[in-house]
Q: 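Here it is: the structure, laid out below.
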Amino acid sequence: MKKLLLRNRIAIAVSLTASVAALLAVSVMMYFMVQMTPVTDISGVAEKCLPASTMILTEKTIGTEDSGENVQEAATGIIWEKETDTIYIATNNHVVKNATKIFIRFGLEKAQGMLIPGEIVGREASSDLAVISVSKKDIPDEIYRELKPAVLGSSKETKVGQTAILIGNALGEGINVSCGIVSAVNRRQDGDEFHSEVLVSDAAVNFGNSGSMLVDKKGRVIGINTSKDSKDSSEGMGYYVPVDVAKKVVDQLLESTH
């Protein structure tokens, strides 16, 4: 009888241990599933970044001055600094290169339809970055008050697999948002003029996204779009100047203004 009771107690203990272990395993699995679940509602991030988002319209002459064709191109810019009387906008060098006229439209809903003239402060080809300035005197006070510089992140904290949100003037139709992940960091890319490390993301990139901000789930800029892979064999990966590179280059371009 004692042996039977002992066996029953052992069986109950083993059963309880197995149950606890199973419950613990499920809890751990649920924890990691929550941690790995991608951000699906990014409306708050988009709303936070809109005051720093701009659309750029440039006019360029293709060909010679005598027989050239005037064309308009759409792109995106990021409000980098806001001073008492001037706003400085970061974008791509290839966006403003050879531009005869530059106009800015802000991402705020109340600023729709308003075009503000911009001027090139400086540009740097190897990083494909440039800075445009707009004057406060050309912007209504109620709009100027709501414009804010982008919050900058850190390249050192950017990890492969983290959420990546692209905010820009896709197709030249206004500010649009797409979402993906950081696919790679510290990839080297060299072109005719461009020579830099890049960040790679699978967030959808379209015409007009040049100069767009790539942000993390807290709305901090981690990269500036410079190009996309448009080969037939590619799913359209986007390439971005890492934010730490952008900080260094943009600050250098702004030195002449301070």
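These values consider heavy atoms only, across backbone and side chains, with no hydrogens, waters or symmetry-generated copies.
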Q: Take a 6.0 Å sphere around NZ of Lys60 and say whether it holds more than 12 heavy atoms from other residues, nucleotides or ligands.
A: yes

Q: Do Glu157 and Ser155 have side-chain N/O donor and acceptor atoms under 3.5 Å apart?
A: no

Q: Quick one: does Asn92's side chain have a donor or acceptor within less than 3.5 Å of a partner on Gly211's backbone?
A: yes

Q: Report yes if the side chains of Asn225 and Val205 come closer than 4.5 Å at any heavy-atom pair, otherwise no.
A: yes

Q: If a pair satisfies side chain to side chain donor-acceptor pair (under 3.5 Å) and one of its residues is in residues 42-51, list it, with sequence neighbours excluded.
A: Asp41-Ser43

Q: Specify the closest pair of heavy atoms between Ala150 and Val221, including all atoms of both residues, with the distance to one decimal.
A: CB-CG2, 3.7 Å

Q: Is the shortest distance from a Lys or Arg side-chain nitrogen in Asp138 or Lys136 to a carboxylate oxygen in the other one below 4.0 Å?
A: no

Q: If we ignore hydrogens and angles and just use 3.5 Å, is the side chain of Thr58 paired with the main-chain N or O of Ile102 as donor and acceptor?
A: no

Q: Do Thr54 and Ile79 come within less than 4.5 Å of each other through their side chains, counting heavy atoms only?
A: yes

Q: For the backbone of Asn206 and the side chain of Asn209, can you confirm whether one donor and one acceptor N or O come within less than 3.5 Å of each other?
A: yes

Q: Quick one: are Ser127 and His195 in side-chain contact, heavy atoms under 4.5 Å?
A: no

Q: Taking all non-hydrogen atoms of both residues into account, name the closest pair between Glu197 and Pro242 and its distance.
A: O-CD, 3.2 Å

Q: Would you say the side-chain atoms of Asn169 pair up with the backbone N or O of Ala75, donor to acceptor, closer than 3.5 Å?
A: yes

Q: If we ignore hydrogens and angles and just use 3.5 Å, is the side chain of Lys82 paired with the main-chain N or O of Tyr144 as donor and acceptor?
A: yes

Q: Please name the residue in the list Leu115, Ile104, Thr76, Ile175 that meets the side chain to side chain contact (heavy atoms under 4.5 Å, CB included) test with Met55.
A: Ile175

Q: Measuring only between side-chain heavy atoms, which start at C-beta, is Val71 closer than 4.5 Å to Glu59?
A: no

Q: Taking atom CD as the centre, does Gln112 end up with more than 12 heavy-atom neighbours from other residues, nucleotides or ligands that are less than 6.0 angstrom away?
A: yes

Q: Taking side chain as C-beta onward, heavy atoms only, is Thr158 less than 4.5 Å from Asp216?
A: no

Q: So, Asn176 side chain and Gly174 main chain: donor-acceptor pair closer than 3.5 Å or not?
A: yes

Q: Any heavy-atom pair between the side chains of Leu50 and Phe106 that's under 4.5 Å?
A: no

Q: Would one find more than 12 heavy atoms of other residues, nucleotides or ligands at under 6.0 Å from atom NZ of Lys97?
A: no

Q: So, Glu83 versus Thr86: side-chain donor-acceptor pair below 3.5 Å or not?
A: no

Q: Considering non-hydrogen atoms only, spot the tightest contact between Tyr240 and Ser201 and give its length.
A: CE1-CB, 3.8 Å

Q: So, for Glu146 and Leu108, which heavy atoms are closest and what is the spacing to 0.1 Å?
A: CB-CD1, 3.7 Å

Q: Are the side chain of Lys110 and the backbone N or O of Ile143 linked by a donor-acceptor pair below 3.5 Å?
A: no

Q: How close do Val96 and Ala130 get, heavy atom to heavy atom, and via which atoms?
A: CG2-CB, 3.7 Å

Q: Heavy atoms only: give me the nearest Cys179-Thr163 pair and the separation to one decimal.
A: SG-CG2, 4.0 Å

Q: Would you say the side-chain atoms of Asp244 pair up with the backbone N or O of Ala246, donor to acceptor, closer than 3.5 Å?
A: no

Q: Is there side-chain contact between Tyr88 and Val121, with heavy atoms separated by less than 4.5 Å?
A: yes

